[in-house]
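Below is one structure, written out as structure tokens, with a few remarks after it.
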Amino acid sequence: MEFEPVIGLEVHAQLLTNSKIFCGCSTKFGAPPNSHTCPVCLGMPGVLPVLNRIVVEYAIKMALAVNCTINPLSEWARKNYFYPDLPKGYQITQYAYPLAEHGWVEIETNGETKRIGIARIHMEEDAGKLIHDEKIPVSYVDMNRAGVPLIEIVSEPEIRSPEEGADYLRRLHEILVYLEICDGNMEEGSFRCDANVSLRPKGQESFGTRTELKNMNSFRNVQRALEYEIKRQKYILENGGRVVQETRLWDDAEGATFPMRGKEEAHDYRYFPDPDLPPLVVSSRWVEDIGRTLPELPSEKRKRFIRNYGIPPYDAEVLTSSRALADYFEAVAARCGKSKAASNWVMGDIMGHLKEDKLEMNECPVAAESLGDLIKLIEDGTISGKMAKEVFEEMWRSGKEPAVIIKEKGMEQITDPSALEKVIDDILAAHPTQVEQYKGGKEKVFGFFVGQVMKATKGQANPTMVNDILKEKLGAL
Amino acid sequence: MELHEHTIHSLEERLREGEITSLEITKAIFERIEAVEDRVHSYITLMRESAFESARQSDRRREKGETRGPLDGIPVALKDLLCTKDAPTTCGSHILENFMSPYDASVVEKLRAAGAVILGKTNMDEFAMGSSTETSYFGVTRNPWDLERIPGGSSGGSASAVAAGECIASLGSDTGGSIRQPAAHCGVVGMKPTYGRVSRYGLVAFASSLDQIGSLTKDIEDSAIILGVIAGHDKRDSTSLPEPVPDYRKFLGRGIEGWVVGIPEEYYIEGIDPEATEAVERAAEAMKELGAECREISLPHTRYGIAAYYIIGPAEASSNLARYDGIRYGLRASGRKQLIDLYRSTRAAGFGAEVKRRIMIGTYALSSGYYDAYYKKASQVRTLMKRDFDDAFGICDVILTPTTPTAAFRLGEKIDDPLRMYLSDVFTLPANLAGIPGLSLPCGFTEKGLPLGIQLLAGYFKEDKLLQAAYALEKALPRDQRRPAL
Ligand SMILES: [Zn+2]
């Protein structure tokens, strides 16, 4: 029997606000334990939450970017459970009435595009962190993260393969980072993903029993975990077994998922509306105002790059992978007017060097305008492509303008016809044997002459002109 | 008249005239506390040193002409669920026995800013769950009028302290009648403002959608004075509302001629003491004489009030009390190695029977599969009760009812019968469910010499009208000079 995977993904994204969702504490990562806390986020008796407006604004941005409907009225709820990292014994989240619903993102796998539905987006507070000492049986609690704002983005169960799952995640990640509302750091946990996976016989409408996968902290791990889990469930079903509904943890080292013990199994969270927070009213005016501030999103940008710059889809994909990179490319292209050349330089030399030196786009030592100028100098024949590489290395090292470097190194091409004629005449005179060979029909020798000219001019001769003059001279002999 | 028998406004005048100092008043109060406290037990914690210091500062301000208003130099008491950073905040519970709050509640900040002298923290039912102050971990409080009887609850210590002269006025909290019911039992005035009128920041939550801070005082004018100090929007409490705070004292003495007083027919329930009904009739008579018209009205959903209240209150409490888990503060059971074991032992040892009962009721009511039948249904009832009051206040200015079905009962009489105990709140809790302001004022005594109270209710943020009517009524009722025989 052929099985079809049914996958739904839940993404938790930490929002890049300065302060926490319900108090004024800082959200900065990496501070000494419990230094970013106050009575409110510590859940002291008598405290009350006050909503940070920026959190709502960021959540609305994301909701609009993935085509959701924003609910004019949404509700805060308490999710009740006991755990030492949860200071109040409940998490403030949204449940029955989330901020936004019914959105979608477009994914592309194997050249096919497909829409994945987004069931809902809601806001909530993050929990603290437990730190366990391996040597002594003591656990510590760090509440710096308690109250950091999160949005949860829940997909419809419309993902049908691990590749689709990974691509969906990359799209969400890209959008969040584009909007500058999440730093997208998966290792630090600012972008986390859980998955619901089940199998059903192909053609069947109803869903099979699902398992929930947790603890996958990279795109690759999500894909691997999904692949593993699909294989595991398939094996069970093909052998007449039953999939158990449970939460399973991905073990990266083992490359397998294992059932989770204790903590979260079989919980009744007893959700109810939080009486400390009035329902959240979002006016259409506010949504419109926020909508106007949205940047061009990666998918639109890709289409525009292909359309306006005439670059291949692959280039457009790479160049739009971050806003900074895309902006850089556009600046280069604008300066030199040669989009394919600009794309080649940015994707090749710039990205390669950044990676090698472990630099971010905004730390790039070569200004986009300078790179544009360099490309112009190649196009107008001032320097050869080969020399340009050398110039680029120097630009990367020193940050100097290409024209300055060329002048300093005396690298300008020789484009004076009389000077070139002189050189060529000398070379032809010095190599009578080869001239004879050429005249005898051995045209390969032409390359030899070009090489000699370049050698004599230290590579500075304009290659096109050298070709033309050589052809003319040899033909006249 | 002895100093401890005075009201805020009479002391205010004497302080202004320079006849007396705050330090003298404060000393007199502490002398009174020494004389009666071992019999009444109004307090969990006394703050003698800081009180004297505040009194001295108040006197110095007065010398320099920098007095901050009517509360400056007046000794007041706080129910022990209002957070104070200079004294423990126990909520009457073992689990918070030595708990020191890192901050002052908003109302405490306001009282301090107004120059009030804080005497201490008063006894209460554990986490405000009770109607008799018998569920306190720190022992019972006795009714100053009859030491064998309960003072009411949960703000029993705040009420008994005012009645016994152990403070001039006090703050309490009212979730289902926790200010008004003990006020009635102790023969003092108790006022619960509109939900959202006074900031709850720093009030340790029992049921967040019902809790409201209010005052216990010797008369209506004192209630107006305190409300003027503690009312107002607080950005730290998202449920407090930015309504302007009028000068409530201005409304006193304006009379109620031509007003319509509603008397709900549903409040004549089975089991009500005829003496309580007579008190209402006396009040109605007095109001008629003041030129008001008394009209029978209907609040048809009143009879579902107790059921709705005892679902919503415990449901919210079950969640609000989850933070007392022994991890960060408060009691922690010793010698426990496993997390679940630590939780269980801490909470088993730290909470009393009534608190556990309500946590269990609330947990059950919120459980999946039961939510719709209980919590959701109760919320719908609540909406209907609000509508009842909206309709009623379309017709009348204030509503008059008994505060409690009976006068103070005997210690131990109902402690093992929660359902009977819960009936103590039957007349008071509708105001909490609807969020409207309510007030209890003394209205005579039973044959046995126990104080009786009557309740006035008004529409949202109509504390001005409520106080205006109560003041007129207070003046019209026969003046009874009886004092507790302590
Ligand atoms: Zn904080």
Side-chain angles (χ1 to χ4, degrees), chain A residues 22-24 34 37-53 75-92 95-96 128 130 132 137-143 146 262-263 266-281, chain B residues 81-83 89 91 96 99 101-106 127 196 199-205 207-211 234-241 312 315-316 318-330 337 339-340 342-343 347 362-371 375-376 379:
Chain A
F22 297 123
C23 66
N34 297 307
T37 57
C38 71
V40 175
C41 57
L42 288 176
M44 298 304 279
V47 298
L48 296 169
V50 176
L51 178 61
N52 177 347
R53 189 181 162 90
E75 185 179 76
W76 297 100
R78 293 185 183 179
K79 177 180 180 177
N80 296 283
Y81 64 95
F82 287 94
Y83 208 63
D85 65 6
L86 192 68
K88 299 186 294 297
Y90 58 83
Q91 178 196 32
I92 305 179
Y95 184 63
L130 294 188
H132 305 286
V138 169
S139 294
Y140 302 92
V141 194
D142 178 4
M143 292 298 179
K263 183 179 163 187
H267 251 303
D268 179 353
Y269 291 118
R270 293 175 283 120
Y271 288 98
F272 76 106
D274 191 334
D276 289 331
L277 288 161
L280 176 64
V281 179
Chain B
L81 46 45
L82 297 170
C83 288
T89 300
C91 299
L96 287 178
F99 174 71
S101 172
Y103 71 101
D104 275 341
S106 284
F127 284 104
S199 169
R200 292 186 295 117
Y201 189 77
L203 161 71
V204 179
S208 314
S209 73
L210 302 163
D211 296 342
D234 178 5
K235 62 178 175 16
R236 291 170 296 186
D237 176 1
S238 311
T239 62
S240 81
L241 292 165
I312 292 169
E316 292 180 5
S318 71
S319 174
N320 283 331
L321 271 60
R323 68 190 65 193
Y324 310 110
D325 57 5
I327 301 290
R328 296 166 309 283
Y329 49 78
K337 296 253 186 292
L339 181 64
I340 300 296
L342 174 72
Y343 285 153
R347 291 166 67 84
T363 302
Y364 181 79
L366 290 176
S367 300
S368 100
Y370 297 96
Y371 179 85
Y375 190 83
K376 203 169 163 192
S379 301

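Order of the sequence lines sets the chain letters (A, B, ...), proteins ahead of strands, with each chain counted from 1. Any value given below was found using the heavy atoms of this structure, including those in side chains, with hydrogens, waters and symmetry copies removed.
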*Measure distances from B:Tyr201 to the heavy atoms of chain A and classify the residue's part below 4.5 Å as side chain, backbone, both or neither.*
both
*When rounded to the nearest 0.5 angstrom, what is the spacing between OG in B:Ser319 and CG in A:Asp276?*
9.0 Å
*Of the backbone (N, CA, C, O) and the side chain (C-beta and beyond), which part of B:Leu339 lies under 4.5 Å from a heavy atom of chain A, both, or neither?*
side chain
*asked:* I need the minimum non-hydrogen distance between A:Leu42 and B:Arg328, along with the two atoms involved.
replied: O-NE, 3.5 Å
*Roughly how far, to the nearest 0.5 Å, is the CZ atom of A:Phe82 from the CG atom of B:Leu342?*
11.5 Å
*Of the non-hydrogen atoms in B:Tyr103 and A:Pro45, which two are nearest, and what is the gap between them?*
OH-O, 2.8 Å
*At a heavy-atom separation under 4.5 Å, does B:Ser101 approach chain A through its side chain, its backbone, both, or neither?*
neither
_Spatial distance of atom OH (A:Tyr83) from atom CD1 (B:Ile327) [nearest 0.5 Å]_ = 10.0 Å
*Hey, could you give me the CG/CG distance between A:Leu48 and B:Asp234, rounded to the nearest 0.5 Å?*
8.5 Å
_Residue list, ring-ring contact (aromatic ring centres under 6.0 Å, His included) with A:Tyr140, at least two apart or on another chain_ = none
*Contacting moiety of B:Lys235, where chain A heavy atoms sit under 4.5 Å*: backbone
*asked:* How close do A:Pro273 and B:Tyr371 get, counting heavy atoms only, and between which atoms?
replied: CD-OH, 3.2 Å
*With a 4.5 angstrom heavy-atom cut-off, which part of B:Thr89 approaches chain A: side chain, backbone, both or neither?*
neither
*Measure distances from B:Ala207 to the heavy atoms of chain A and classify the residue's part below 4.5 Å as side chain, backbone, both or neither.*
neither
_Between B:Asp211 and chain A, with a heavy-atom cut-off of 4.5 Å, which part of the residue counts as in contact: side chain, backbone, both or neither?_
neither
*Begin with the C-alpha distance, continue with both residues' side-chain angles, and end with the deciding distance and a verdict on side chain to side chain contact (heavy atoms under 4.5 Å, CB included) for B:Ser318 and A:Arg270.*
CA-CA 10 Å; B:Ser318 71; A:Arg270 293 175 283 120; 4.0 Å; yes
